[in-house]
Amino acid sequence: MKVLSGLNLKEIEQITDDLGATKFRARQIHNWIYLKSVKSIDEMTDLSVKFRDELKKVAVVSEIKIKVKQVSSDGTIKYLLEYPDGECVETVLMRFDNRANLTACVSSQVGCAVNCSFCATGKRGFIRNLSYKEIVEQVLTIQRDTGLKVTNVVFMGQGEPLLNLDNVLKAMDMFNENFQIGARRLTVSTSGIIPKIKELADLDMQSTLALSLHAPNHQIRKQLMQIENKYPMAELHKALKYYTDKTGRRITIEYLLIKGLNDTLESAKQLAYYLKDIKCNINLIPYNPTAQNDYQRPSNNSIMKFKALMEHSGKKVTVRLERGADIDAACGQLSGKAGK
Ligand code: SAH
Ligand code: SF4
């Protein structure tokens with residue numbers, strides 16, 4: 001059985017060729033899969049019943065299962081999806097009231113090897129990479145379930161995308177060509193895998209690179225993220241500079257705010273200094289509680305103070321709206337479990 005979701009037009013043409021149908025049929029099927037997001041071949045109503053029956057003998061729309069679906073009071077939807085081998089990942093759909101955007105937050109791996117101290121995914125360890133088809137299927141599942149068209153994709157679910165770069169790049173190409181989601185509407189977030197950041201720079205990636213920096217200096221970052229031992233901030237700085245020089249694109253710096261740890265005046269000063277010659281925007285992420293540690297979220301007052309200090313350094317600063325915390329769908333809360 002062929003799975004239609006995740007196939008490009010050429011691959012669908014191979015199936016229609018084998019069935020002795022025209023290339024136009026492939027185009028129709030492709031539309032049903034990516035733009036109209038049907039759940040079954042029977043819904044492809046501009047194909048004859050006879051042809052649909054033939055197609056059903058060799059292909060299915062998808063093999064992915066929605067294991068759990070949770071809807072947050074703010075409209076965020078979290079899905080726990082199951083692949084045929086039984087492995088599960090989350091994918092999250094976020095909508096923001098004031099915008100028409102529908103953003104899918106996708107997973108790139110099952111679990112994650114990077115094991116940052118603040119993140120629920122890391123606690124699981126690394127299980128396996130997702131193929132590009134499995135990544136693309138997450139967005140298709142959202143579209144099929146909601147009947148809506150996803151407009152933006154962020155690689156901020158489970159996993160470190162740059163440690164599965166081939167599949168992530170292929171998935172991005174698919175989003176581009178098959179979903180008609182422009183490169184500028186795709187964001188890849190990384191914990192800072194230096195050689196891969198350089199690779200993306202050399203590829204002249206047109207999508208947004210987000211870097212999970214989270215600390216103003218080596219000491220604090222080491223405490224928060226083991227990866228600082230392998231890829232320290234001083235080296236990272238060179239890679240970021242290389243990236244922005246080469247691509248001309250602005251990086252998004254993600255900075256987790258943890259009470260008393262990296263939200264002080266001194267931290268703000270050091271962070272501003274570190275970023276002074278890097279073309280970037282700063283996205284502050286107030287820490288979302290997870291069961292695994294006892295970090296705390298700073299008060300709104302200190303979040304706003306930190307923001308003002310960073311703005312003073314001339315950068316554009318935003319505070320990430322917390323989405324879906326009541327269903328454990330917020331950043332860092334994805335663990336592949338069915339939830340509360
Ligand atoms: N592995 C990639 C992408 C997935 S995580 C990365 O780390 O960049 C997406 C974002 O959520 C990252 O910036 C991550 O550091 C952040 N995050 C992890 N745990 C969090 C928590 N408990 N509260 C808030 N943000 C968290
Ligand atoms: Fe992995 Fe990102 Fe979580 Fe760190 S924050 S453990 S890199 S998913």
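Remember, it's 1-based here, ligands and their atoms both numbered in the order they're listed. Note that the numbering runs from 1 along the sequence shown for the chain. These numbers come from a predicted model, not from an experiment. The figures here come from the full heavy-atom set of this structure, side chains too, leaving out hydrogens, waters and symmetry mates.
A side-chain donor from one of Tyr287 and Asn293 sits under 3.5 Å from a side-chain acceptor of the other. Counting only N and O atoms by type, the side chains of Asp42 and Ser40 include no donor and acceptor under 3.5 Å apart. With 3.5 Å as the limit, one finds a donor-acceptor pair spanning the side chains of Gln28 and Asp46. Side-chain contact check for Ser131 and Asn167: no donor-acceptor pair (N or O, by modelled atom type) lies under 3.5 Å. A donor-acceptor contact under 3.5 angstrom links the side chains of Ser72 and Asp326, judged on distance only.
Within the structure, the closest approach of Gly157 to ligand 1 falls below 4.0 Å when heavy atoms are considered. In this structure, Ser108 does not count as a contact residue of ligand 1, since none of its heavy atoms falls inside 4.0 Å of the ligand. Within the structure, the closest approach of Tyr295 to ligand 1 does not fall below 4.0 Å when heavy atoms are considered. Between His214 and ligand 1 there is a heavy-atom distance shorter than 4.0 Å.
Counting atoms of ligand 1 from 1 in the listed order, those under 4.0 Å from a heavy atom of Thr190 are 6 (C), 8 (O). For ligand 1, the atoms lying closer than 4.0 Å to a non-hydrogen atom of Phe155 are 3 (C). Shown in contact with Glu160 at under 4.0 Å from a heavy atom are these atoms of ligand 1, numbered in order with element: 1 (N), 2 (C). Distances below 4.0 Å separate heavy atoms of Ser191 from the following atoms of ligand 1: 6 (C), 8 (O). Below 4.0 Å from some heavy atom of Ile285 lie the following atoms of ligand 1, by number and element: 13 (O), 24 (C), 25 (N). Heavy-atom proximity to Gly159, at under 4.0 Å, picks out these atoms of ligand 2: 8 (S). Taking a cut-off of under 4.0 Å to the non-hydrogen atoms of Leu256, the atoms of ligand 1 that pass are 23 (N), 24 (C), 25 (N), 26 (C). If you number the atoms of ligand 1 from 1 as listed, the ones under 4.0 Å from a heavy atom of Cys119 come out as 18 (C), 19 (N).
In terms of modelled atom types and a separation under 3.5 Å, the side chain of Thr190 and the main chain of Gly192 share a donor-acceptor contact.
Protein heavy atom in closest approach to atom 3 (C) of ligand 1: Ser189 O, 3.5 Å. Scanning all protein heavy atoms for the shortest distance to atom 11 (O) of ligand 1 gives Cys331 CB, 3.4 Å. In terms of protein heavy-atom proximity, atom 7 (O) of ligand 1 is closest to Ser212 OG, 3.5 Å.
Of the N or O atoms in Tyr287, none lie within a sub-3.5 Å distance of an N or O in ligand 1. Where the criterion is an N or O separation shorter than 3.5 Å, residue side chain and backbone included, Phe118 meets it with respect to ligand 1. Looking at Gly159 next to ligand 1, an N or O pair under 3.5 Å apart turns up.
Annotation for Glu160 and Gln109: closest pair N-OE1, 3.0 Å, computed over non-hydrogen atoms.
The number of heavy-atom neighbours closer than 6.0 Å to NE2 of His218, taken from other residues, nucleotides and ligands shown, is above 12. Within a 6.0 Å radius of CG in Asp245, other residues, nucleotides and ligands contribute more than 12 heavy atoms. Dense packing is recorded around NZ of Lys69, with more than 12 heavy atoms of other residues, nucleotides or ligands lying under 6.0 Å away.
Hydrophobic clustering of Ile, Leu, Val, Met, Phe, Trp and Tyr side chains at less than 4.5 Å, counting indirect connections, keeps Ile253 apart from Tyr242. Connection of Tyr273 to Ile282 is not established within any shared hydrophobic cluster, with ILVMFWY side chains joined at heavy-atom distances below 4.5 Å, either directly or through further cluster members. Residues Leu19 and Leu7 fall within the same hydrophobic cluster, defined by Ile, Leu, Val, Met, Phe, Trp and Tyr side chains chained together at heavy-atom separations under 4.5 Å.
Taking Ile, Leu, Val, Met, Phe, Trp and Tyr as members and joining any whose side-chain heavy atoms lie under 4.5 Å apart, directly or through other members, the hydrophobic cluster of Met1 also contains Val3, Val60.
Neither the backbone nor the side chain of Thr121 has any atom closer than 4.0 Å to an atom of ligand 1 (non-hydrogen atoms only). Looking at Glu254 against ligand 1, only its side chain comes within 4.0 Å, counting heavy atoms. At a heavy-atom cutoff of 4.0 Å, ligand 1 is contacted by the side chain of Thr290 but not by its backbone.
Relative orientation of the His30 and Tyr34 rings is tilted, given thresholds of 30° and 60° on the angle between their planes.
Taking a cut-off of 2.8 Å, the protein N, O or S atoms nearer than that to atom 4 (Fe) of ligand 2 are Cys116 SG.
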Next item on the list: Take Phe118 and Tyr295 through the ring-ring contact (aromatic ring centres under 6.0 Å, His included) test and state the conclusion after the steps.
Entry: CA-CA 8 Å; Phe118 44 77; Tyr295 296 138; 7.1 Å; no

